[in-house]
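Single-structure report; data block below.
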Amino acid sequence: MNGFTYLHYPEPNAMRPILFCLSLWASLALSAQNQCLSERYSNSPIFTDEEVVVASNIEYAVATHQLTGIEQSLQLDVWMPDPSIDPVTNRPLIVMIHGGGFQSGSRNEMNFMCNEFAKRGFVAATISYRLGWGCDPNAGIFLCGVCGGLNNAIRTAAYNAVQDAHAALRFLVSEQEVYGIDDDWVFVGGQSAGSITALCTTFLDQDEANAFAPNAEASSGGLFNSGNDLDVDVTIRGVVNDCGAVPNVSVLEGATIPVISFHDDGDCVVPYGSGYLLGCLGCTSFPTAHGSSLIYQSLTANGVCSELNTVQLSLGHCTWPQLSLVSRASCFMKREMCGLCTSGMNVDTNAVPPCASLGIQPAISCQADFNGDGLVNVSDMLEFLNYFGNPCAP
């Protein structure tokens with residue numbers, strides 16, 4: 001680190017030890033950056049749309065499609081506060097995964113939420129993943145008849161999606177310096193099939209994935225080594241679940257990772273409680289799943305922080321307003337980063353409890369501007385001496 005190299009006046013010899021210690025102290029303070037910061041990661045944005053930058057069409061993996069046998073380039077987009085104005089250099093990451101029944105959809109569907117997370121101080125990424133399991137996406141009310149025999153294919157497609165999510169997380173953490181990511185705070189989320197993917201990425205090990213998709217490992221390889229060969233450890237610290245589910249709440253046994261959920265209580269595409277995926281019109285051809293209400297019950301029964309937001313008396317699918325979802329999810333993640341994560345239930349789609357005041361003041365942008373006046377001068381040296389009492393020994 002350069003420390004005081006940007007000072008433009010001569011340095012007397014007697015001052016150099018003090019300057020060195022100031023530089024070292026600033027380095028240590030920034031390396032131990034605390035993400036429990038006031039204003040950031042809250043219900044309200046701190047950056048404007050113009051202050052968010054996007055890195056687009058970044059290849060994170062190459063994987064073989066289960067149906068075509070063709071290698072597919074997998075790409076992602078990254079949204080973040082403009083590094084030239086953001087005083088925080090390493091920020092929490094959230095990866096948002098689009099829905100579409102593992103058959104269709106686009107990462108662009110997550111653009112609004114990624115932009116809103118970035119405006120609150122996060123680095124947010126949205127990914128493309130392998131889609132398609134042989135079902136006609138226009139089957140409509142004939143879904144069961146047209147696609148009902150493809151039970152194993154949809155399971156493999158879900159397995160491939162989880163493989164791709166793991167590959168994206170490995171890539172992003174390996175590039176943490178490029179995008180200003182704090183790899184101590186990595187979150188995943190999504191909508192519908194994307195939320196199923198996020199939950200399974202967080203909670204399923206290889207044995208549990210094999211139990212859900214018995215033929216997938218043989219045809220697609222292991223859950224944690226597909227797409228790229230990056231040797232990176234990733235620890236997921238929380239999940240934003242918008243109308244998703246897990247194969248069975250048994251996969252949550254021993255879990256310690258918080259989950260915030262949003263779900264319509266009459267959802268028949270992904271069950272709110274227990275039911276069949278794509279189970280509308282009584283379709284029982286597809287895998288069973290346990291949705292947000294059972295995830296909440298299972299986690300809170302075991303003392304794990306969880307929040308359940310329910311659209312009551314609704315047959316809709318993923319209808320929670322996206323801006324409200326981002327605001328509530330940001331505060332949920334912030335409370336986790338502050339060690340204050342709490343559980344609870346909510347049915348008001350407009351209720352967004354404030355959390356901006358929670359936390360310490362953000363780190364200053366200039367490493368030696370200890371008094372925060374935008375200048376580096378003798379006043380900052382005096383501020384330093386107020387902390388330590390005496391100058392550093394020569």
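Heavy atoms only: backbone and side chains are in, while hydrogens, waters and symmetry mates are out.
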query = With a 3.5 Å cut-off and no angle check, do the side chains of S73 and E59 form a donor-acceptor pair?
reply = yes
request  = Please tell me if the side chains of I257 and V304 come closer than 4.5 Å, counting only heavy atoms from C-beta onward.
outcome  = no
message = Strictly distance-based, threshold 3.5 Å: is any side-chain N or O of Y159 a donor or acceptor partner for the main-chain N or O of P214?
response = no
query = Does a sphere of radius 6.0 Å around CZ in F224 hold more than 12 heavy atoms from other residues, nucleotides or ligands, not counting ones at 6.0 Å or beyond?
reply = yes
Polar side chain donor-acceptor pair, H317 to S192, under 3.5 angstrom = yes
request  = Considering only NZ, NE, NH1 and NH2 on the basic side and carboxylate oxygens on the acidic side, decide whether R170 and E175 come within less than 4.0 Å.
outcome  = no
ask   = When you look at CZ of F112, are more than 12 heavy atoms from neighbouring residues, nucleotides or ligands closer to it than 6.0 Å?
value = yes
query = Do the side-chain N and O atoms of D265 and S314 include a donor-acceptor pair separated by under 3.5 angstrom?
reply = no
task = Run through M333, R237, M113 and flag the one making a side chain to side chain contact (heavy atoms under 4.5 Å, CB included) with I94.
result = M333
task = Please say whether more than 12 non-hydrogen atoms of neighbouring residues, nucleotides or ligands are located less than 6.0 Å from CG in D229.
result = no
query = W133 vs F286 aromatic rings, parallel, tilted or perpendicular, using cut-offs 30° and 60°?
reply = perpendicular
inquiry  = Between N160 and S220, do the side chains contain a donor N or O and an acceptor N or O under 3.5 Å apart?
reply    = yes
Over 12 foreign heavy atoms within 6.0 Å of CG, D231 = no
ask   = Does any donor atom in the side chain of R130 or T64 lie under 3.5 Å from an acceptor atom in the other side chain?
value = no
task = Tell me, please, whether F262 has R328 positioned over its six-membered ring: NZ or CZ under 6.0 Å from the ring centre and within 45 degrees of its axis?
result = no
request  = Count the heavy atoms of every other residue, nucleotide or ligand shown that sit under 6.0 Å from CG of D205, and state whether that count exceeds 12.
outcome  = yes
ask   = Ignoring hydrogens and geometry, is there a side-chain-to-backbone donor-acceptor pair from S343 to S306 under 3.5 Å?
value = yes
message = Quick check: do T288 and S274 have side-chain heavy atoms less than 4.5 Å from each other?
response = no
ask   = Is there a side-chain contact between T156 and S219, using heavy atoms and a 4.5 Å cut-off?
value = yes
message = For Q176 and N90: C-alpha separation, side-chain torsions, deciding distance, then whether side chain to side chain donor-acceptor pair (under 3.5 Å) applies.
response = CA-CA 8 Å; Q176 59 185 291; N90 296 304; over 6 Å; no
task = Any chance you could lay out the side chain to side chain donor-acceptor pair (under 3.5 Å) test for Q75 and Y60, step after step, and finish with the verdict?
result = CA-CA 6 Å; Q75 298 180 332; Y60 70 86; over 6 Å; no
query = Do S195 side-chain atoms and D242 backbone N/O form a donor-acceptor pair below 3.5 Å?
reply = yes
remark   = The reported gap from CG in L74 to OG in S128 (rounded to nearest 0.5 angstrom) is 7.5 Å
task = Taking atom types as modelled, find out whether E217 and N210 have a side-chain donor-acceptor pair closer than 3.5 angstrom.
result = yes
ask   = Taking the six-membered ring for Trp, are Y179 and F171 parallel (under 30°), tilted (30 to 60°) or perpendicular (over 60°)?
value = tilted
request  = Report the C-alpha separation of S327 and R120 in whole Å, then their side-chain angles, then the decisive distance to 0.1 Å, and conclude whether the side chain to side chain donor-acceptor pair (under 3.5 Å) test is met.
outcome  = CA-CA 9 Å; S327 296; R120 287 157 175 77; 3.3 Å; yes
Inter-residue atom distance N309.CG - N346.CG, 0.5 Å rounding = 4.5 Å
Derivation of the side chain to side chain donor-acceptor pair (under 3.5 Å) call for N43 and S330 = CA-CA 6 Å; N43 48 294; S330 294; over 6 Å; no
ask   = Can you find a heavy atom in the side chain of D182 that is under 4.5 Å from one in the side chain of R91?
value = no
